[in-house]
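First up is the structure itself, then whatever we jot down about it.
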Amino acid sequence: MGILSSRKKKLTILNDVSGIIKPSRLTLLLGPPSSGKTTLLLALAGKLDPALKCSGKVTYNGHGLDEFVPQRTVAYISQHDLHIGEMTVRETLAFSARCQGVGDRYELLAELSRREKQANIKPDPDMDVYMKAVATDGQEANVITDYVLKVLGLEVCADIMVGDEMLRGISGGQRKRVTTGEMLVGPAKVLFMDEISTGLDSSTTFQIVNSLKQTVHILNGTAIISLLQPAPETYNLFDDIILLSDGQIVYQGPREHVLSFFESMGFKCPERKGVADFLQEVTSRKDQQQYWVHKDQPYRFVTANEFSEAFQSFHVGKELRDELGVPYEKTKSHPAALTTKKYGVGRKELLKACISREYLLMKRNSFVYIFKFIQLAIMAFITMTLFLRTEMRNDSIEGGGIYMGALFFGLIAIMFNGMSEISMTIAKLPVFFKQRDLLFFPSWAYALPTCILKIPISFLEVSLWVFLTYYVIGFDPNVERLFRQYLILVLVTQMSSGLFRFIAAAGRNMVVANTFGAFALLILFALGGFVLSRDDIKKWWIWGYWISSMMYGQNALMVNEFLGNQWRRILPG
């Protein structure tokens with residue numbers, strides 16, 4: 001209401017940033033920490049947080065971000081490594097390639113073949129085979145995956161688990177390369193790479209940047225790579241430089257002219273100093289003075305704003321301003337340059353890819369399911385000794401109450417056996433959010449395989465429980481009622497798995513999910529119709545009785561049992 005003063009403060013991350021990224025040019029994004037490099041890359045990729053206030057616009061070939069699908073046209077490679085630890089490096093890249101598809105490679109290959117026939121050109125056999133292989137859609141093992149593995153130096157660990165905090169896997173530098181390769185296997189034409197050299201040695205960084213340079217130049221692509229401290233030989237591979245400081249562009253243009261710009265400002269790079277290190281230190285307050293050339297004149301700290309204004313008067317800045325003044329004609333854009341399809345492959349292929357990955361993860365986590373079977377078997381033996389048939393009476397109302405307790409205990413055991421879904425779902429949530437935002441697949445394609453593949457597990461779990469306990473406890477001997485109880489408990493298992501997956505997805509971390517899950521289960525138990533009968537529940541809580549999924553399972557088990565022949569003499573109705 002404006003009565004109290006707000007603690008919010010205005011923080012400018014990027015200020016008056018304008019520029020042009022040209023095709024067939026490899027651009028290096030430099031700047032000290034907290035200069036706005038990541039925010040700039042996110043803005044160009046159309047992935048800015050909606051809570052941020054921003055003005056201006058980003059266009060691709062004259063088209064706004066709302067005229068195509070930027071997530072499919074642009075590959076933003078984050079500095080955070082999020083992967084499923086139980087998958088190998090090859091499987092991670094193969095799944096990414098399978099979801100992203102081949103883009104317009106097939107159409108371009110068909111057009112190339114047509115022109116080759118018209119011009120009577122015979123292509124090189126090896127190159128022809130390679131191009132046809134990378135343009136083939138829907139393949140589980142893609143040639144482009146093996147190519148990227150080789151370029152990134154991941155062949156030695158291709159069949160090793162990626163690993164996580166609890167599972168030993170590849171090293172941190174190799175995990176960083178997997179993050180890069182996950183997007184390189186796709187058909188994106190624009191690459192925005194954020195701090196890809198973290199954890200890598202200089203030779204590996206040089207090899208990756210060199211291969212990207214060849215790709216960008218040959219395929220007429222576009223790439224901006226953010227590096228913190230590139231080696232001189234890596235720096236020399238780039239065509240253009242963007243230097244950021246305090247959220248402003250200090251320089252943007254060809255690499256050859258960057259030193260002459262700073263020399264015109266009175267700062268010179270020493271002969272034995274790396275140019276990249278010089279560029280990041282020359283705008284720093286504590287390092288700038290050592291590069292001051294005019295010793296006969298008093299030194300004064302030159303701010304990033306002054307550098308930015310001086311760049312507008314530099315010949316490179318003038319050329320850039322003139323180019324920005326002329327709008328790009330949309331008619332010059334190639335139809336295949338910008339992607340308008342939301343997903344790389346069809347729904348059927350996406351579902352098949354997600355099912356195959358989920359099945360693979362179930363095999364890798366087989367110990368969890370074996371442990372659940374053992375746990376359920378132990379609980380079944382305990383239940384059989386507690387509710388032994390010879391001690392159970394079915395000739396009185398009191399005996400019926402004990403049978404109700406046995407049914408309720410079985411229902412609870414089956415329900416709690418699915419509680420492992422919380423931790424298993426939360427462990428995969430960060431990877432799901434990343435791949436969903438990158439439009440690898442829609443949410444339903446991720447959720448549906450989990451539900452489908454858990455159905456056979458549910459049948460096995462319920463079979464173990466029902467066939468061990470049913471006749472030992474002394475339920476109605478009619479085999480039809482046995483299979484009805486079996487079906488009811490299968491449905492309860494599916495309900496509990498879905499409930500715990502929902503709790504995990506809503507909580508998003510273990511603390512919140514366990515707290516919310518405990519509260520939800522308390523409500524289910526209290527209002528399920530057994531702890532409190534329907535008549536004892538207050539009218540303002542009766543809604544909890546009708547939405548409790550336990551109530552329907554509990555009532556179904558009771559009706560199935562107590563309408564049997566052995567209870568008719570006690571319950572004649």
For the student: nearest non-hydrogen atoms of [X] and [Y], plus distance:
{"X": "A43", "Y": "V58", "answer": "O-CG2, 3.8 Å"}
{"X": "R364", "Y": "T88", "answer": "NH1-N, 4.2 Å"}
{"X": "F314", "Y": "S260", "answer": "CZ-OG, 3.6 Å"}
{"X": "K318", "Y": "S313", "answer": "CE-O, 3.2 Å"}

* Excluding sequence neighbours, so at least two apart, what forms ring-ring contact (aromatic ring centres under 6.0 Å, His included) with F267? -> W292, F307
Let me confirm one number: the [atom1]-[atom2] distance from [X] to [Y], rounded to the nearest 0.5 Å.
{"X": "Q289", "Y": "S284", "atom1": "CD", "atom2": "OG", "answer": "12.0 Å"}
{"X": "F261", "Y": "L243", "atom1": "CZ", "atom2": "CG", "answer": "9.0 Å"}
{"X": "I224", "Y": "M193", "atom1": "CD1", "atom2": "CE", "answer": "11.0 Å"}
{"X": "L11", "Y": "L52", "atom1": "CG", "atom2": "CG", "answer": "9.5 Å"}
{"X": "K341", "Y": "T73", "atom1": "NZ", "atom2": "OG1", "answer": "12.5 Å"}
{"X": "D194", "Y": "I77", "atom1": "CG", "atom2": "CD1", "answer": "10.0 Å"}

Main-chain N/O of [Y] paired to [X] side chain as donor or acceptor, under 3.5 Å:
{"X": "E67", "Y": "G64", "answer": "yes"}
{"X": "T425", "Y": "I422", "answer": "no"}
{"X": "E323", "Y": "L320", "answer": "no"}
{"X": "R255", "Y": "I241", "answer": "no"}

Please examine the side chains of [Y] and [X], heavy atoms only from C-beta on, and report whether any two atoms are closer than 4.5 Å.
{"X": "P442", "Y": "L350", "answer": "yes"}
{"X": "K22", "Y": "T222", "answer": "no"}
{"X": "L227", "Y": "I225", "answer": "yes"}
{"X": "S211", "Y": "Q214", "answer": "no"}
{"X": "N61", "Y": "Y328", "answer": "yes"}
{"X": "L237", "Y": "L28", "answer": "no"}
{"X": "V511", "Y": "F516", "answer": "no"}
{"X": "Q229", "Y": "Q280", "answer": "yes"}

* Would you sort out whether I426 and R508 count as a side chain to side chain contact (heavy atoms under 4.5 Å, CB included), showing the intermediate values? => CA-CA 6 Å; I426 288 177; R508 299 196 179 190; over 6 Å; no
* Are side-chain N/O atoms of Q288 and Y299 paired as donor and acceptor at under 3.5 Å? -> yes
* Do Q252 and D240 have side-chain N/O donor and acceptor atoms under 3.5 Å apart? -> no
Would you say that more than 12 heavy atoms from the other residues, nucleotides or ligands in this model lie under 6.0 Å from the [atom1] of [X], or not?
{"X": "E329", "atom1": "CD", "answer": "no"}
{"X": "R321", "atom1": "CZ", "answer": "yes"}
{"X": "Y291", "atom1": "OH", "answer": "yes"}
{"X": "K286", "atom1": "NZ", "answer": "no"}

Taking only residues at least two apart or on different chains, which pairs with a member in [range] satisfy salt bridge (Lys or Arg N to Asp or Glu O under 4.0 Å)?
{"range": "residues 210-235", "result": "none"}
{"range": "residues 268-283", "result": "K273-E281"}
{"range": "residues 155-169", "result": "R90-D159"}

* To do: Please report the C-alpha distance between V258 and L279 in whole Å, then the side-chain angles of each, then the deciding distance to 0.1 Å, and finally whether the side chain to side chain contact (heavy atoms under 4.5 Å, CB included) criterion is met.
  => CA-CA 9 Å; V258 63; L279 293 177; 3.6 Å; yes
* Before giving the answer on side chain to side chain contact (heavy atoms under 4.5 Å, CB included), spell out for L29 and L244 the whole-Å C-alpha distance, their side-chain angles and the decisive distance to 0.1 Å. => CA-CA 8 Å; L29 179 59; L244 270 179; 4.1 Å; yes
* To do: For side chain to side chain contact (heavy atoms under 4.5 Å, CB included), just list the numbers for T283 and T303, CA-CA rounded to whole Å, side-chain angles, deciding distance to a tenth of an Å, and then say yes or no.
  => CA-CA 7 Å; T283 58; T303 63; over 6 Å; no
* Run the salt bridge (charged side-chain N to carboxylate O under 4.0 Å, His left out) check on R98 and E91 step by step: do they pass? -> CA-CA 10 Å; R98 196 173 173 187; E91 290 164 352; over 6 Å; no
* To do: For the pair Q71 and Y76, evaluate side chain to side chain donor-acceptor pair (under 3.5 Å) and give the outcome as yes or no after the intermediate values.
  => CA-CA 8 Å; Q71 294 92 333; Y76 172 74; over 6 Å; no
* Are Y251 and F311 close enough that their ring centers fall under 6.0 Å? -> yes
Enumerate, atom names and distances included, each donor-acceptor pair closer than 3.5 Å involving a side-chain atom of residues 428-437, sequence neighbours excluded.
from: K428; atom 1: NZ; to: E358; atom 2: OE1; distance (Å): 3.4
from: K428; atom 1: NZ; to: E358; atom 2: OE2; distance (Å): 3.4
from: K434; atom 1: NZ; to: L82; atom 2: O; distance (Å): 2.8
from: K434; atom 1: NZ; to: E182; atom 2: OE1; distance (Å): 2.6
from: Q435; atom 1: OE1; to: R357; atom 2: NH1; distance (Å): 3.0
from: Q435; atom 1: NE2; to: E182; atom 2: OE2; distance (Å): 3.3

* To do: Decide, yes or no, whether a salt bridge links K176 with D81 under the criterion of side-chain N to carboxylate O below 4.0 Å.
  => yes
* To do: Please identify each residue that fulfils side chain to side chain contact (heavy atoms under 4.5 Å, CB included) with T205, with sequence neighbours left out.
  => S197, L200, V209, T234
* To do: Give the intermediate values and the outcome of side chain to side chain donor-acceptor pair (under 3.5 Å) for residues D201 and S203.
  => CA-CA 6 Å; D201 57 278; S203 62; 2.3 Å; yes
